[in-house]
Each structure stands twice: as structure tokens, then as C-alpha cells.
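Comments concern the structure below.
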Amino acid sequence: MHAARNETHPHTDLLDGDNWGDSVLRIHFTAADLGRVSVARAVDPLWEMVFSRVRLDERDRRVEFEPWVRRLRRGDDTAAVRSGRRILRALSPVGPYFPDFLTPPEGAHGLRPGVAAVRATPRARLRRELGLLGRRSGLPTWASRLAAGDRALLTELGDALTAYHRAAIDPFTGVIEAAVEADRARRARAALDGGVDGLLHSLRPMMRWQPPVLHVSYRVDRDLHLGGRGLRLVPSFFSRRTPVAYADPSLVPVVTYPIDHHGSWRHRDDRDRALAPVLGTTRAAVLAAVGTGATTTELSARLGTSPSSMSRHTRALREAGIITSDRDGPSVRHTVTALGDALLHG
């Protein structure tokens, strides 16, 4: 079960500022765990689908999500959004629990591995987790087939999730990546200045680090002992205020947390228009795509161009002092310089 998802669900256990609730998720670190804390380089597509569905349904939706909602309503894939939204609403309703199988750890490697893991969920796990969900909220009639491990239905579920992601998440990859890059830069600065302590302290007010315990405000008291496995922090674009963790303590320790993206829709469009006349449209896009670091291959994939063409653009940016390039094994990793950062954010 998701760690209280041991909160009352990603969007019902909401806190602002330093107003802490009576219940807390306490994450206990050992010395080994402190050396195994990482921040994911991208959002997890499965978690983002769950959180985005909540954003679509909530009555007090924040203004920063309105451009996304308006674009979805004007899009060509409204049927895919409606279908995915209906399924996600049934399997992740408002309440203290939704099944872990919807957000498998394989999602860290991308949409395709994540969806494949959902489709391959063992029958016993489906029965157990959907049984827990059924005791807390009503389930549609087809959920009994899913709980029985109906492979055809699992395939349909995977197809619906893929179609929803293609319609509701994929078109906004640029905005999401830019917001994640800004958050990772903030975490990186905190880690450079203060090590792991600095990184964990930078998560206030969402989480409070009192060594050796990280306190996360929840509505259900719970203790999670990492036991040397470390902790993976996953930034989320569509989450709000409250971090979320797996409820099953045997799963890879993961905490998703909401990132700040106020004004990101407008800022990215304005920035790209301003940089294009100076650098050229393609090189402005390359600079934005470098973010907190990327290889030539990664940049080629992000921008849909050949590695040889990308090498020419990165060479020009490097010679202008806008990025640096360093050998990283068989790859070359590019990083934005202070000048490049000023161009992006100045």
C-alpha cells in the first residue's frame, strides 16, 4: 500500500508553510543510508499520471495548472484523457490509500518499463492491494477481473495509461523538464554547500530533517526504516504540497515531492522567444535542454536531432563560454556555465 499513501492521499493531506499536523511519517536513516540519498533526474511518469488526474478533478486547483488544463481541453486527444482519468479515478480515489502497483519502481526508467511492470503485476499482489482499496472505497465492477489477474484487462489498463500519458503529459515535457531542472539545481547547490544535511534541510517546509530522522507530515503515523537501502527523492510536477512514499516498506524507498513551478508556463515561452534572436532557435533550445547536465546523446533524443548535428551546436556554445563539456566514460556531459545560466534566467 502506498505510504499512507499513509497520508490521506496525495492531495488530501495538504500543508502550507510550517504548519505541521499531528501525524508524521518518520524516515529513519543509518550512516549507510546517508551515503545513498539521490535526487531523480526526471519525474516518474506513473506517479505523474496519478497526480495529474488529481489536479484535473480538484475544486481548488491552483492557478499555475490552468494553462495545462486549458491546453488539454483544446487538444485532439480528449477521449484518451477522459478514459485515463476515469480509470485513475477508480484506482486512486480520494482517501488514505491507493495501490502501489500503479506506480512501480520501474517507472524510474521511463514510461515503457513502468507500464510493462504494471501489466506484469502478480495476481496475488493485485488481489491483496485491490482488496485493501475495496475496503476503503467502492470499486467498479471490472476491478474484480483485475484483482483476478485478467491479463487482457491488464493489457487494456497499460494501453489506457500510455494513451493518457501521450495526451496529458507528453505535450508538456519541455515545461516539466525545465521546472525539474530548476529544482535539481537548487538541491545540487544545497548539497554542495552542506552535503547530505544541506540537501535534506533544503526540503523544508515539506519535510523536516532532524538527524537521523526525516519527518514528513502525514495524517497517519508511520515509521519507515531505510536499513541501509538509501532514499531516492523524486521531484513531481503535478504533486501539491505533500510528499508521498510507498506504503509497502519492502519496496525501494522512494519519496516523491512537489516542486515549485510558479510561472513556468509563461517563463519558458518568454525565455525561448528572447534567446532565439541571440543564439538562434536551435541553439537556444539546446541551452535550455542542457539544464543541470546532459550528454550529447541525451540532447539529441530530447530535441530530435542527430548526434553529429548536436555536437556542432554544443561546440559553438562551449566556444562562447555558455556551456562546458567533460568526458564521462564513453560520453561527453555538458553543463551550463554561469554565463549560460545568466542567459537562461537573467
Side-chain angles (χ1 to χ4, degrees), residues 2 5 9-11 40 42-59 61-62 64-95 97-121 126 129-130 133 137 139-143 145-147 150-177 179-180 234-240 244 254 256 258-259 261 265:
H2 272 94
R5 280 155 314 168
H9 191 12
H11 74 295
V43 297
D44 184 301
L46 282 300
W47 287 92
E48 291 307 286
M49 284 191 276
V50 171
F51 293 141
S52 67
R53 192 285 302 171
V54 175
R55 302 287 77 79
L56 285 172
D57 285 352
E58 67 189 354
R59 294 179 181 177
R61 185 165 54 240
R62 298 286 292 271
E64 56 260 38
F65 293 107
E66 289 301 330
W68 169 67
V69 174
R70 287 196 298 270
R71 294 183 196 187
L72 286 189
R73 289 171 179 165
R74 295 196 304 264
D76 298 326
D77 295 326
T78 53
V81 173
R82 285 197 303 270
S83 176
R85 183 178 179 181
R86 183 171 60 251
I87 291 168
L88 289 166
R89 184 186 295 128
L91 296 179
S92 57
V94 174
Y97 174 79
F98 68 95
D100 283 332
F101 80 84
L102 275 180
T103 54
E106 291 82 355
H109 305 295
L111 179 64
R112 185 175 296 178
V115 169
V118 172
R119 286 175 169 150
T121 305
L126 288 168
E129 294 189 3
L130 288 171
L133 180 62
S137 60
L139 288 174
T141 56
W142 51 262
R145 289 173 51 210
L146 188 62
D150 187 312
R151 290 298 142 184
L153 188 56
L154 279 166
T155 297
E156 291 178 22
L157 172 60
D159 290 344
L161 292 176
T162 301
Y164 176 87
H165 192 277
R166 187 182 304 120
I169 310 293
D170 274 350
F172 311 98
T173 298
V175 173
I176 293 169
E177 286 182 349
V180 170
V234 181
S236 171
F237 186 86
F238 287 103
S239 178
R240 268 185 70 184
V244 186
V254 167
T256 66
I259 60 177
H261 48 79
W265 304 94

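FYI, side chains are in, hydrogens and waters are out, and symmetry mates aren't considered; it's all heavy atoms of this structure.
- Rounding to the nearest 0.5 angstrom, the gap separating the CD1 atom in I87 from the CG atom in L102 is 10.5 Å.
- F237 CZ to I259 CD1: the interatomic distance, rounded to the nearest 0.5 Å, is 6.5 Å.
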Before you tell me yes or no, could you show the steps for V50 and V244 under side chain to side chain contact (heavy atoms under 4.5 Å, CB included), namely the whole-Å CA-CA distance, both residues' side-chain angles and the distance that decides it to 0.1 Å? CA-CA 12 Å; V50 171; V244 186; over 6 Å; no
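- Shortest non-hydrogen contact noted between P171 and R166 is CD-O, 3.2 Å.
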As a quick check of understanding, evaluate side chain to side chain contact (heavy atoms under 4.5 Å, CB included) for D44 and V254, giving each step before the final call. CA-CA 11 Å; D44 184 301; V254 167; over 6 Å; no
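- The aromatic rings of W68 and F172 lie perpendicular to each other, with more than 60° between the two planes, well past the 30° mark.
- By the 4.5 Å heavy-atom criterion applied to side chains, L91 and L157 are counted as neighbours.
- Of the possible donor and acceptor atoms, one in the side chain of T173 sits under 3.5 Å from a partner among the backbone N and O of D170.
- In this structure the side chain of P93 reaches within 4.5 angstrom of the side chain of L133, judged on heavy atoms.
- Once rounded to the nearest 0.5 Å, the distance linking OG1 of T78 with CG of L72 reads 9.5 Å.
- Closest approach of L88 and M49 over heavy atoms only: CD1-O, 3.5 Å.
- Side-chain N or O atoms of R55 include none that pairs as donor or acceptor with a backbone N or O of F65 at under 3.5 Å.
- Among residues two or more places apart in sequence or in another chain, the side chain to side chain donor-acceptor pair (under 3.5 Å) test is passed with R89 by D57.
- Scanning for side chain to side chain donor-acceptor pair (under 3.5 Å) contacts around R86 gives an empty result, with sequence neighbours left out.
- In this structure, R85 CZ and L56 CG are separated by 5.0 Å, a value rounded to the nearest 0.5 Å.
- Summarising the geometry of Y164 relative to G84, their closest heavy-atom pair is CD1-CA, 3.8 Å, with the distance given to 0.1 Å.
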Yes or no on side chain to side chain contact (heavy atoms under 4.5 Å, CB included) for F51 and R240, after CA distance, side-chain angles and deciding distance? CA-CA 8 Å; F51 293 141; R240 268 185 70 184; over 6 Å; no
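- Here the shortest heavy-atom pairing between A167 and V81 reads CB-CG2, 3.7 Å.
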Determine, step by step, whether F101 and V118 satisfy the side chain to side chain contact (heavy atoms under 4.5 Å, CB included) criterion, reporting the C-alpha distance in whole Å, the side-chain angles of both residues, the deciding distance to 0.1 Å, and the verdict. CA-CA 6 Å; F101 80 84; V118 172; 4.3 Å; yes
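- Nearest heavy atom pair, residue V234 against residue A42, reads CG1-O, 4.1 Å.
- Pairs of residues two or more places apart, or lying in two chains, that qualify as salt bridge (charged side-chain N to carboxylate O under 4.0 Å, His left out) and include a residue from residues 150-160 are R119-D159, R145-D150.
- Of the possible donor and acceptor atoms, none in the side chain of E48 sits under 3.5 Å from a partner among the backbone N and O of V43.
- Going from atom CZ of F238 over to atom CD1 of I169 covers 4.5 Å, rounded to the nearest 0.5 Å.
- Nearest heavy atom pair, residue L46 against residue P104, reads CG-CD, 4.0 Å.
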